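The structure displayed is predicted, hence computed values, not measured ones.
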Amino acid sequence: MLCCRKLTPPGLLEWCSPSEQDVQGPQRLPLTPGDFCLWSHARLPLSDTEPAEARDCFKALYVHKFRAMLGKSRLIFPGEKVLLAWSGGPSSSSMVWQVLEGLSRDSAKRLRFVPGVVYIDEGAACGQSPEDRARTLAEVKLALQTTGFPWHAVALEEVFSLPPSALRCSAQEAAGTEGAYKAAVDSFLQQQHALGTNGVERQSQHCAQDPQSPTGPPTTAQTQALSRLFDSVKTLTAKEELLQTLRTHLILHVARNHGYSKVMTGDSCTRLAVKLMTSLALGRGAFLAWDTGFSDERHGDVVVVRPMREHTLKEVAFYNRLFAVPSVCTPALDTKAPEKASIHRLMEAFILRLQAQFPSTVSTVYRTSEKLVKAPRAGCAAGPRCLLCMCTLDVDTADSATAFGAQTSHLPQMQTPVTQARGAAGPCCCAGMGGAPGCCKREEPRAQVMEQLCYGCRVNMKDLPSLELLPPYILSEAQLRSQRATAEQEIREYLLGDSEDEAGTGES
């Protein structure tokens, strides 16, 4: 019976096969002359200090995964502007490196989109001192300048200056067919041929010369407001979810302002497996297809794609080590946190511990996420969306057997005193979009926001004592939606239904 040996570069841990199907656990075998490469089955050189062939095969497989994930989806058209969300970590750094090599002149199949990089400074939320933030930002700018891409370094405090339109889904363009993609490729090739052999280089240079984000350092008031917001959150789980939500809103705002229609994130296969289990524990099971899938179209005009979802964290670590991919180490909210500090940390420790004992764990969870279908309940596709995560609210007030149905049916009872007070005092002052200190809508701001959230976001917001600490754009959008719903309800009372129309036609 023949068995394949796992090759181990000197000084590193063992390599795992791409399918992670070794049920016997990891093996650490030294390289000896005459061994065969795991992927190409080529015989290694006689010197065991430079496993060149195994290294080249690993790089070819790693690059193929990235290119194949982009190629088979055909979501990114030639010449389209794509924003790379870079956090400085290993996965996002490897993603930027793959794009950088894919656009180089020596690449066999060159990438055809126009990239840009965005970095979100989260130092204020993580409790970093101003000196540490300045030192980290200097390293980030140096790393971004070496890529040659247009880059945007934005502080997380900028969420306090976002407009309410950041939470509105713009009209989504119809998905292009295979014929449309081929036509776009032919048109792009003809355009490059007309520009000459250096057309792509001139386009890349012009893109790199674009002005960077003019945003300066955040104000002291914004930094203090962000610190008060995160300090008021009771649990680390709610802090991590709130940080992810605010980060996503800010990245989408930067993408819209600079004309990017796609956003790439560096979520790896291991990270997505942990995220799937975490989302289930947080009550976001209805949105797993959007949270862990390759493409996320919930935001309308900007689509989030995850091209690194076929790479495990171990493969990313090996690639970055072997090919000297630069990265910037920055502290996070859960840095040095114990295992049971949050649901995210607990699920991560659970998955990684299972992966160490059963190497097919991550692959099994990841393959399960691929089978999820993005199909909301019938009649809810065009319904209201969550104020924070932007997912369609799968609301069914009649289904009180579910936790979400019970909470939804409880909200009108919370608003009954407000409605009675409004009826006794006269018409609501919000009808004229003015508002006043004693406005009925201002008396219950928490219920006004909570009724526009999905179940998972409601659970997280319970750990925030005062919703008034949220950024103004969230509160303004919640008020606008509530006023719009009230106006629509008042208008609907004066409209004639189908039965009334038929009755009037019969009498005449």
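- Separating the CD1 atom in I76 from the OG atom in S295 is a distance of 10.5 Å, to the nearest 0.5 Å.
- Counting heavy atoms from C-beta on, the side chains of S94 and Y62 come closer than 4.5 Å.
- Using modelled atom types, one side-chain atom of S232 and one backbone atom of L229 make a donor-acceptor pair closer than 3.5 Å.
- The closest donor-acceptor contact from the side chain of T237 to the backbone of I343 lies under 3.5 Å.
- Pairing each heavy atom of A478 with each of L387, the nearest pair is CB-CD2, 3.6 Å.
- For the atom pair OG of S360 and CG of L354, the computed distance is 9.5 Å after rounding to the nearest 0.5 Å.
- Evaluation of the salt bridge (Lys or Arg N to Asp or Glu O under 4.0 Å) test over residues 325-349, restricted to residues two or more places apart or in two chains, returns R271-E348, E339-R353, R345-E348.
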Let me see the working for R309 and E370 under salt bridge (charged side-chain N to carboxylate O under 4.0 Å, His left out), right down to the final yes or no. CA-CA 10 Å; R309 66 193 310 265; E370 288 185 332; 3.7 Å; yes
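- Minimum interatomic distance between A85 and T265 (heavy atoms only, all atoms of both residues): CB-CG2, 4.3 Å.
- No donor-acceptor pair under 3.5 Å is formed between the side chain of R306 and the backbone N or O of D267.
- F350 CZ: 12 or fewer foreign heavy atoms inside a 6.0 Å radius.
- Taking the centre and axis of the six-membered ring of Y319, the NZ or CZ atom of K59 falls outside the cone set by 45° and 6.0 Å.
- With respect to M264, the side chain to side chain contact (heavy atoms under 4.5 Å, CB included) criterion is satisfied by exactly one of V305, V117, L83: V305.
- Here M277 contributes atom CE and L288 contributes atom CG; the two are 10.0 Å apart, rounded to the nearest 0.5 Å.
- A cation-pi arrangement, defined by a distance under 6.0 Å to the six-membered ring centre and an angle within 45 degrees of its axis, is absent between K239 and F230.
- R55 places a side-chain heavy atom less than 4.5 Å from the side chain of F323.
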Verify ring-ring contact (aromatic ring centres under 6.0 Å, His included) between H152 and Y119, making sure each step is shown before the conclusion. CA-CA 6 Å; H152 315 275; Y119 171 78; over 10 Å; no
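- Here Y366 contributes atom OH and I351 contributes atom CD1; the two are 15.0 Å apart, rounded to the nearest 0.5 Å.
- With hydrogens and angles disregarded, a donor-acceptor distance shorter than 3.5 Å links the side chain of H249 to the backbone of L388.
- Within the 3.5 Å criterion, the main-chain N or O of Q222 finds no donor-acceptor partner in the side chain of E157.
- Of the possible polar contacts, none joining the T312 side chain to the C269 backbone as a donor-acceptor pair under 3.5 Å is found.
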Can you check side-chain hydrogen bond (donor to acceptor under 3.5 Å, both in side chains) on T136 and T330, steps first, answer last? CA-CA 7 Å; T136 302; T330 56; over 6 Å; no
Apply side-chain hydrogen bond (donor to acceptor under 3.5 Å, both in side chains) to residues E158 and H253 and explain how you reach the verdict. CA-CA 10 Å; E158 294 297 327; H253 179 70; over 6 Å; no
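- Side-chain N or O atoms of R458 include none that pairs as donor or acceptor with a backbone N or O of Q452 at under 3.5 Å.
- A distance of 6.0 Å separates SG of C391 from CG of D291, quoted to the nearest 0.5 Å.
- Here the rule is side chain to side chain contact (heavy atoms under 4.5 Å, CB included) with L276, and of L280, L272, V274 only L280 fits it.
- Formation of a donor-acceptor pair under 3.5 Å by the S73 side chain with backbone atoms of L70 is found in this model.
- The OG1 atom of T392 sits 7.5 Å away from atom CZ of F287, with the distance rounded to the nearest 0.5 Å.
- Side chain of T147 to backbone of L144: a donor-acceptor contact under 3.5 angstrom is found.
- Judged purely by atom type and a 3.5 angstrom limit, T223 uses its side chain to pair as donor or acceptor with the backbone of T219.
- The salt bridge (Lys or Arg N to Asp or Glu O under 4.0 Å) pairs that include a residue from residues 135-144 are D132-R135, where partners are two or more places apart or lie in different chains.
- Side-chain N/O atoms of S104 and E101 include no donor and acceptor closer than 3.5 Å.
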